[in-house]
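Data block below; observations after.
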Amino acid sequence: MNKAKLAMGTMILPALLTGCSQSNSDKTIIEQPSVEIVDGMFSAEVLEALGRVGNATPSPDGKYVIFTLAYESIEENSSNAEIYRMNADGSEIKRLTTTPSSESNLRWIDGGNLIAYIANDSDTEKPQVFTMKPDGTGSKRVSNIPNGVMCFEISPDESRIVFGSLIDADDKDPALFEGLPNTSGRVINDLMYKHWDEWVTEIPHPFVADFKTASGYEVANEKDIMKGEPYECPMKPFGGAETFAWSPDGKKLVYTSRKLKGKDYAFSTDSNLYLYDIESGKTECLTQGIEGYDTNPVFSPDGSQLAWLSMATAKFESDKKRLMVMDMKSRTQRDLTENWDYWPEGIAWSPDGKGIFFHGYYQGTKPIFKIDVASAVIDTIATGVWDYEGVQPISNDAVIALRHSMSRPNEICLAAKGQEPKDLTTLNAELLGKVKLGKVEKVMVPTTDGKEMCTWVVLPPDFDPNKKYPAILYCQGGPQQAVSQFWSYRWNFMIMAAHGYIVIAPNRRGLPGFGTEWNRQISGDYGGQNMKDYLAAVDYMKEKPYVDADHIGAIGASYGGFSVYWLAGHHEGRFAALVAHAGIFNIEAQYLETEEMWFADFDLGGPYWDKDNAVAQRTYANSPHKFVDKWTAPILVTVGELDYRILASQGMMAFNAAKMRGLETEMLVFPDENHWVLKPQNAVLWQRVFFQFLDKYLKDNKKSAKAEEEAPAQTK
């Protein structure tokens, strides 16, 4: 047995490079970890040791690119991101910060002479805005916001800054709480009292402040521009700096908000763009009448036009995104992607204002495109077996972007029209070069209704077509979330392949990248055609001579977890083991338990008590809990108790049902995780339990046969 210990280098910079106001000597600074690699095995520990690249931002003169690089420490059970700078050609990478907490929201200011960013401040113990020189010296805190800064955007003339910060959302009756300072009780009188993984006690608001003053850069005289409004901006849980857009003259600001609360908020996706006039303080709604999401506003370079992403359908959070443009003088709107049946994402104007770059899901990948604003003609800038994101234009025909695939995490690249995209960083190449990776193949699978389905198949390292391998069907969540060339730190196909499994990952009905009809079909058809698509992929692949048809598993999270529970009662012997994370087991309970009610109301077809609603009744008739009597395969259930999207009780019900049925079943519960498993030690434990369970039933023939033999007699 060959052993190779990969000792990853550490870089400790002098304290003067980071500034004492953001350092804390009693906290550990997380560096790139050392990891032991045995026989090229891509393990959970190797997965956690990979660097995570983000925030790639070119300098105004095009000479440099700054970015963040994060590492996780299993020992410390934590992670942090530092700021790096490199030349525009990818050479001379230099680390700029060394702190025990993460930096983010990188922006060049002062013509490229300074960098503004968010870092944790040891004095206020809150995230604040800092500035530093491009060589990492002269770090200075320039904000002192009591509740901290979540994100920010600086006006083009740098005279002002807009930032998000939390305000109190509680509306307590003082008479009830008088003399009860230690009570933990909450009085609830409306919906949306909790969201994702938190009770809603605070909400973000947008503040505008002075930034460039006579004495230098300083956040001063801040003003809550939504004062008195009980609405979110940025919108939780994922809203950030993309919420804001400054006009080029810095006199106006566009922001995104869903100005609804309680039950109205819980049942609506109707966010709008609002134009705020700095001088008058007046606000105008720009997108009144569009009932779906309106997000990501971006002004054209001359300020004459505003681009944004828009969904037309109320409550449908996975509706086709449209690339809209508004003439700011006439307020007329155009849908530039009206004749393009795919989703645009990550929009950015070209410097000449004639085109807009974006990336978008397309046939199982996520290329970079550019659309001509006048003609709506779309050019492809970068393609291949990649997912691109974070597009930052550096000319009218070229961008800096991030790209990843099923074979590697994000690296920074240069993409230009007519040229092969080029990686500027290879920060994970050394570590990945030490492990064996599987081969990714694209297979077109015939479906039961006469179509073809793009399916990604990942083969184990050192694949031998003359051998037989166990296989795993990957069921995607969302439910409208693409199976493109994504890289996941949980559902990672390379680590599955490294453990000797063939991975089958279909782009079943309901996923973007294959047209509006394909994407929308799943709504109101849970347990329908998309499940037939899964079974079609399994049936197609199990005919391959190298697939062990008796040892195929099904795995998935969220809607993928629902899929596993549903398949458990309908697979007719196809699966020998099942793994469901954060999945819907009882759809009737899910309709009432979840917090974002718009999703359940639209996708499930309506409430279960509406007996005249045929779509809703079909949905609830297909709830997985109704088919437990047909469950035969061993199942692993994993849940997080801070998951308010799909409550842990859903998985616990499934586990209890399987146990009562006499099936081999296990459950992994994380009291401190939400819909995902994010903490490093929890992540490693999840991987260990995941593979221990699958190996037990998909690799050990005797145990698998015994489990089938002991399955409840009435289900055979």
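Any value given below was found using the heavy atoms of this structure, including those in side chains, with hydrogens, waters and symmetry copies removed.
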Before you tell me yes or no, could you show the steps for I412 and L402 under side chain to side chain contact (heavy atoms under 4.5 Å, CB included), namely the whole-Å CA-CA distance, both residues' side-chain angles and the distance that decides it to 0.1 Å?
CA-CA 5 Å; I412 302 170; L402 301 173; 3.6 Å; yes
ring-ring contact (aromatic ring centres under 6.0 Å, His included): which pairs involve residues 227-260, sequence neighbours left out?
W196-F238, Y255-Y274
Between W343 and Y362, is the gap from one ring center to the other below 6.0 Å?
no
Counting C-beta onward and ignoring hydrogens, is there a side-chain heavy-atom pair between Y117 and I83 closer than 4.5 Å?
yes
I'd like to know if R322 and E338 make a salt bridge, using a cut-off of under 4.0 Å between side-chain N and carboxylate O.
no
Pair D190 + K263, salt bridge at N-O below 4.0 Å
no
Q480 and S318: CA distance, side-chain angles, deciding distance, side-chain hydrogen bond (donor to acceptor under 3.5 Å, both in side chains) verdict
CA-CA 6 Å; Q480 295 97 344; S318 296; 3.2 Å; yes
C413 side, atom SG; I368 side, atom CD1 - distance, nearest 0.5 Å
5.5 Å
Exactly one candidate in F152, F163, Y276 meets ring pair (Phe, Tyr, Trp, His ring centres under 6.0 Å) with F207; the answer is F163
Flag side-chain contact, heavy atom, 4.5 Å: I66 against I115:
yes
Do E389 and K366 have side chains that get closer than 4.5 Å, going by heavy atoms?
yes
Taking all non-hydrogen atoms of both residues, which atom of F316 and which atom of S523 are closest, and how far apart?
CE1-OG, 3.6 Å
For the NZ atom on K259, are there more than 12 heavy atoms of other groups (residues, nucleotides or ligands in this structure) within a distance under 6.0 Å?
yes
State the CZ-NZ distance between R141 and K126, to the nearest 0.5 angstrom.
13.5 Å
Specify the closest pair of heavy atoms between S558 and G477, including all atoms of both residues, with the distance to one decimal.
CB-CA, 4.5 Å
Distance from S271 atom OG to L260 atom CG, nearest 0.5 Å?
9.5 Å
May I ask you to check whether over 12 heavy atoms, not counting those of K194, lie within 6.0 Å of atom NZ?
yes
Can you find a pair of side-chain heavy atoms, one from F486 and one from Q476, that are under 4.5 Å apart?
yes
Test: R52 cationic atom under 6.0 Å from Y489 six-membered ring centre, within 45° of axis
yes
Contact check, side chains of M86 and L424, non-hydrogen atoms, under 4.5 Å
yes
Provide the closest heavy-atom pair for W340 versus K320 in the form atom of the first, atom of the second, distance.
O-NZ, 2.8 Å
With a 4.5 Å heavy-atom cut-off, do Y84 and E82 have their side chains touching?
yes
NZ of K251: more than 12 outside heavy atoms within 6.0 angstrom?
no
Between K252 and D277, is there a salt bridge with N-O shorter than 4.0 Å?
yes
Between the side chains of E673 and K679, is the shortest nitrogen-to-carboxylate-oxygen separation below 4.0 Å, so that they form an ion pair?
no
Exceeds 12 heavy-atom contacts within 6.0 angstrom, atom CD of E198:
yes
Distance, nearest 0.5 Å, that separates CG of N674 from CG of D197
4.5 Å
Inspect the contact between E158 and R107 and indicate whether a charged nitrogen and a carboxylate oxygen are less than 4.0 angstrom apart.
no
Heavy atoms of L678 and W676 approach each other most closely as CD2-CB, 3.7 Å
Are P393 and S350 side-chain neighbours, meaning at least one heavy-atom pair lies under 4.5 Å?
no
Let me see the working for E593 and Y644 under side-chain hydrogen bond (donor to acceptor under 3.5 Å, both in side chains), right down to the final yes or no.
CA-CA 8 Å; E593 287 179 340; Y644 301 152; over 6 Å; no
Just to verify, which of F358, Y388, F357, Y342 counts as forming a ring pair (Phe, Tyr, Trp, His ring centres under 6.0 Å) with F369?
F358
Run the side-chain hydrogen bond (donor to acceptor under 3.5 Å, both in side chains) test on N120 and Q128 for me, step by step, so that the C-alpha distance in whole Å, both residues' side-chain angles and the decisive distance to 0.1 Å come before the verdict.
CA-CA 6 Å; N120 196 59; Q128 302 288 354; over 6 Å; no
Please evaluate residues E232 and R258 with respect to the criterion salt bridge (charged side-chain N to carboxylate O under 4.0 Å, His left out), reporting the C-alpha separation (whole Å), side-chain torsions for both, the decisive distance (0.1 Å), and the verdict.
CA-CA 7 Å; E232 296 175 355; R258 183 168 34 178; 5.1 Å; no
Could you check if a side-chain atom of P248 sits within less than 4.5 angstrom of a side-chain atom of P301, using non-hydrogen atoms only?
no
Of all heavy-atom pairs linking A307 and I356, the shortest is CB-CD1, 3.8 Å
CD of Q333 to CG of L306: how many Å apart, nearest 0.5 Å?
9.5 Å
Main chain of G148, side chain of S165: is a donor-acceptor contact present, judged purely on distance under 3.5 Å?
yes
Criterion salt bridge (charged side-chain N to carboxylate O under 4.0 Å, His left out) on D387 and R403, from CA distance to verdict
CA-CA 6 Å; D387 278 5; R403 69 172 177 175; over 6 Å; no
After noting the C-alpha distance and the side-chain angles of T516 and D341, does the key distance pass the side-chain hydrogen bond (donor to acceptor under 3.5 Å, both in side chains) rule?
CA-CA 6 Å; T516 302; D341 201 22; 2.3 Å; yes
When rounded to the nearest 0.5 angstrom, what distance separates OG1 in T243 from CG in N296?
8.0 Å
For F211 and R160, work out which heavy atoms get closest and say how close.
CB-C, 3.8 Å
Against the six-membered ring of W598, is K315 placed for a cation-pi contact (under 6.0 Å from the centre, within 45° of the normal)?
no
So, are K321 and E345 salt-bridged, with charged N and O less than 4.0 Å apart?
yes
